[in-house]
Amino acid sequence: MTTVRTRIAPSPTGDPHVGTAYIALFNYCFARQHGGQFILRIEDTDQVRSNRKSEDDILSALKWLHLDWDEGPDKGGPHGPYRQSERSAIYQTHVSKLLEEGNAFHCFCTAERLDEVRKQQMADKQQPGYDGHCLHLPADQLREKLAANIPHVIRMKVPREGKCVVHDMLREPVEIDWAQVDMQVLMKSDGLPTYHLANVVDDHLMQITHVIRGEEWINSAPKHLLLYQYFGWRAPVLCHMPLLRNADRSKLSKRKNPTSIGYYQKMGYLPEAVINYLGMMGWSMPDGTEMFSVQDMIDNFDIKRVSLGGPVFDTEKLDWLNGRYLRESISDVEFIQRFTEWAFDREKLHAIVPLIKPRVERFSDVVNLAGFFLSGVPAITAESFNHKQLSPEDSLRILQFTAWKLESIEAWHRDRIEQALAALAGLLDIRIRDFLFPVFIAIAGTAVSTSVIDSMAIVGLDMTRARLRHAMVVLGGVSGKQSKKLEKEYQQLFALSQEADDGQ
RNA sequence: GUCCCCAUCGUCUAGAGGCCCAGGACACCGGGUUUUCAUCCCGGCAACGGGGGUUCGAAACCCCCUGGGGACGCCA
């Protein structure tokens, strides 16, 4: 019997996501239950979006949750490297094999042409997909184009008829017509593989036996299965988990919910409570126990007990659960220790102290001055936003625009934040002083406070986002209609500034 | 638009044909304990989306409808 091996394969393109932790948890439990191994692999083949900071954050978030892996980029293992960007040569040789055996082909189509094709197909009520333009390129033409160094990708060949049956641990076999499956790009023009290729190659080479992943992958499973077949490999067992949802049942997103694991850490949730809560999403203990540890979960684990209705990630129950952990499962001594570690984070204090030191006369001033760095969302009301120049609508607009603007910052650094907000205030033609007022209220709860720019830099993007959102709710919230209107206004603002730039 | 998945209280769920006029938990509402509040305890509210079958019997099985979600990128 072969050893069960599962993996979590996050892409380091942003804050560590609770969805990653969720999928990791189920992979972890499944592996542990079977005495197998759990592997961490970093899928950083997107050169543009991947970054090391995000990778580090993901690793520490998973460590915080005690979802430890047996092999991974930080600890190595027999099937490394565990970072896809370091495996280029492996993908190259595999893609060459596909090419040689006629299971893949070079494609020189431009993005513009493909866009056109897709548009036309949509208009004709067809399933959009590659039209096979470069599929039968004559050998001499191919040689010519390659010699001329024309940018190209490599696509996989996909049968045009018949159907693929996808077996899944949690549902009936899923039948998908091959005609529905696109001739997926396997290797991008930058020479790096796409998810589909890298994933299959790595899962095989890393001897992954069970792939437990989000339901969003079901439709691309045929591509993966076909690749296993092309390579002559045995495919792992597939299992597609339900997706975590926002309150409106759409796929969990940072726009509608705090999704960053860091946010929950900063809010003072205990990792065991967060894990316990994630374990309750789509799964339950056989005896109905609600408070359970990962070990309890492993001891009673049965993947078949996963229910497929997408669970709403509603933190009310998490709050209750976290409260129980805090008051029932840890001693006073442990409470003191863990609270202290949480509150008096050395690094954070080093950032905070220079801001408050000029403003204190006694240590007793510190709590009032720096309390908001630790508190979740400040206690504010609509009245907190009263201002002689700004109406509540103005404040709402500023907060929403600020939230959007901050999303586009490439590095979370005080100078970048300052620059972004100054630009925004300029475009809105509001004095920076006035512009910053509602931001102060949202972040610090009061305008009598340390620099809000530095404060945001310290509390982080996830917490900033949560506080801005809370402030908007306090101000009456933004309806779908308003949001659309604001979005339009926001885009126009930047379109205008773009024109001005072009004119220079 | 095309394809795929899903469907029990507001939310998380139990339920693998009779134990279910559906059980637990959160939230909410009452009551008790507490100098207050919280905790804690007790009680209440509240669901099988609709329609057809199959069966002696259906929340459970089948079909249709409806609803929700996802996928359709040189992103993962």
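Lettering follows sequence order; numbering is per chain, from 1.
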Colleague: Any salt bridge linking A:Arg7 with A:Glu71? Criterion: basic side-chain nitrogen under 4.0 Å from a carboxylate oxygen.
Modeller: no
Colleague: Using only heavy-atom distances, determine whether the side chains of A:Asp74 and A:Trp69 contain a donor-acceptor pair under 3.5 Å.
Modeller: yes
Colleague: With the criterion being N/O to N/O and under 3.5 Å, what pairs connect the protein with nucleotides 34-37 of chain B, and how long is each?
Modeller:
none

Colleague: Are the side chains of A:Ile42 and A:Gln84 in touch, meaning some heavy atoms are under 4.5 Å apart?
Modeller: no
Colleague: Taking atom NZ of A:Lys75 as the centre, does the number of heavy atoms from other residues, nucleotides or ligands within less than 6.0 Å exceed 12?
Modeller: yes
Colleague: In whole Å, I'd like the distance from the CD atom of A:Gln180 to the P atom of B:rU2.
Modeller: 10 Å
Colleague: Just how far, in rounded Å, is P of B:rG73 from CZ of A:Arg113?
Modeller: 14 Å
Colleague: Tabulated below should be each protein N or O lying under 3.5 Å from an N or O of nucleotides 74-76 of chain B; please produce it.
Modeller:
| residue | atom | partner | partner atom | Å |
| --- | --- | --- | --- | --- |
| B:rC74 | O2 | A:Ser189 | N | 2.9 |
| B:rC74 | O2 | A:Ser189 | OG | 2.7 |
| B:rC74 | N3 | A:Ser189 | OG | 3.3 |
| B:rC74 | N4 | A:Cys109 | O | 3.4 |
| B:rC75 | OP2 | A:Lys188 | NZ | 3.1 |
| B:rC75 | O2' | A:Asp46 | OD2 | 3.0 |
| B:rC75 | O2' | A:Arg49 | NH2 | 3.3 |
| B:rC75 | O2 | A:Arg49 | NH2 | 3.2 |
| B:rA76 | OP1 | A:Thr45 | OG1 | 2.8 |
| B:rA76 | OP1 | A:Lys188 | NZ | 2.9 |
| B:rA76 | OP2 | A:Tyr195 | N | 3.1 |
| B:rA76 | O3' | A:Glu43 | OE1 | 3.0 |

Colleague: I'd like a list of close polar pairs between nucleotides 43-51 of chain B and the protein, N/O only, cut-off under 3.5 Å.
Modeller:
none

Colleague: Please state how far atom CG in A:Asp287 lies from atom C1' in B:rG23, giving the value in whole angstrom units.
Modeller: 14 Å
Colleague: Just by modelled atom types, is the A:His17 backbone N or O under 3.5 Å from a matching donor or acceptor in the A:Lys254 side chain?
Modeller: no
Colleague: Aromatic ring centroids of A:Tyr277 and A:Phe313 under 6.0 Å?
Modeller: yes
Colleague: Partner lookup for B:rA14, please. Criteria are Watson-Crick or G-U wobble with both distances under 3.5 angstrom; report none if nothing qualifies.
Modeller: none
Colleague: Give the rounded distance in Å between these two atoms: CG of A:Asp319 and P of B:rU39.
Modeller: 12 Å
Colleague: B:rG15 and B:rA25: how far apart are their C1' atoms, nearest whole angstrom?
Modeller: 16 Å
Colleague: Checking A:Tyr269 against A:Asp319: is there a side-chain donor and acceptor pair closer than 3.5 Å?
Modeller: yes
Colleague: Would you say that A:Asp202 contacts A:Tyr82 through its side chain, given a criterion of any heavy-atom pair below 4.5 Å between the two side chains?
Modeller: no
Colleague: Rounded to the nearest Å, what distance is computed from the CD atom of residue A:Glu116 to the P atom of nucleotide B:rG73?
Modeller: 15 Å
Colleague: With sequence neighbours left out, write down each residue that passes salt bridge (Lys or Arg N to Asp or Glu O under 4.0 Å) with A:Arg113, or none if nothing qualifies.
Modeller: A:Asp131
Colleague: Between the side chain of A:Gln121 and the main-chain N/O of A:Gly129, is any donor-acceptor distance below 3.5 Å?
Modeller: yes
Colleague: Taking the cut-offs as 6.0 angstrom to the six-membered ring centre and 45 degrees off its axis, would you call A:Arg155 and A:Tyr130 a cation-pi pair?
Modeller: yes
Colleague: For B:rC65 and B:rA46, measure between their P atoms and round to the nearest Å.
Modeller: 33 Å
Colleague: For residues A:Thr259 and A:Asn257, is any side-chain donor paired with an opposing acceptor at under 3.5 Å?
Modeller: no
Colleague: In terms of side-chain geometry, is the basic nitrogen of A:Arg338 or A:Glu341 positioned less than 4.0 Å from the acidic oxygen of its partner?
Modeller: no
Colleague: If you measure from the P atom in B:rU35 to the same atom in B:rC45, how many Å do you get, rounded?
Modeller: 32 Å
Colleague: Taking only N/O atoms, report every protein-nucleotides 4-15 of chain B pair under 3.5 Å with atom names and distance.
Modeller:
| residue | atom | partner | partner atom | Å |
| --- | --- | --- | --- | --- |
| B:rC5 | O2' | A:Arg171 | NH1 | 3.0 |
| B:rC5 | O2' | A:Glu215 | OE2 | 2.4 |
| B:rU11 | OP1 | A:Arg249 | NH2 | 3.0 |
| B:rC12 | OP1 | A:Val312 | N | 2.7 |
| B:rC12 | O2' | A:Met280 | O | 2.9 |
| B:rC12 | O2 | A:Lys317 | NZ | 3.1 |
| B:rU13 | OP1 | A:Gly282 | N | 2.2 |
| B:rG15 | OP1 | A:Arg305 | NH1 | 3.4 |

Colleague: Answer yes if the side chains of A:Asp44 and A:Ser50 hold a donor-acceptor pair under 3.5 Å, and no otherwise.
Modeller: no
Colleague: CG of A:Leu318 versus P of B:rA27: gap in Å, rounded?
Modeller: 12 Å
Colleague: What nitrogen or oxygen pairs link the protein and nucleotides 40-42 of chain B at under 3.5 Å?
Modeller:
| residue | atom | partner | partner atom | Å |
| --- | --- | --- | --- | --- |
| B:rC40 | OP1 | A:Arg327 | NH1 | 3.4 |

Colleague: Answer yes when A:Asp56 and A:Lys53 have at least one side-chain N-carboxylate O distance shorter than 4.0 Å, and no when they do not.
Modeller: no
Colleague: May I ask which nucleotide in the shown strands pairs with B:rC37, Watson-Crick or G-U wobble, both distances under 3.5 Å?
Modeller: none
Colleague: Counting only Watson-Crick pairs (N1-N3 plus N6-O4 or O6-N4) and G-U wobbles (N1-O2, O6-N3), all under 3.5 Å, who is the partner of B:rC3?
Modeller: B:rG70
Colleague: Given the P atoms of B:rC6 and B:rC64, what is the spacing between them in whole Å?
Modeller: 14 Å
Colleague: Do other residues, nucleotides or ligands put more than 12 heavy atoms under 6.0 Å from A:Lys157 NZ?
Modeller: yes
Colleague: What is the distance from CE of A:Met156 to C1' of B:rG73, rounded to the nearest Å?
Modeller: 16 Å
Colleague: Look at A:Glu43 together with A:Arg83 and state whether they make a salt bridge at an N to O cut-off of under 4.0 Å.
Modeller: no
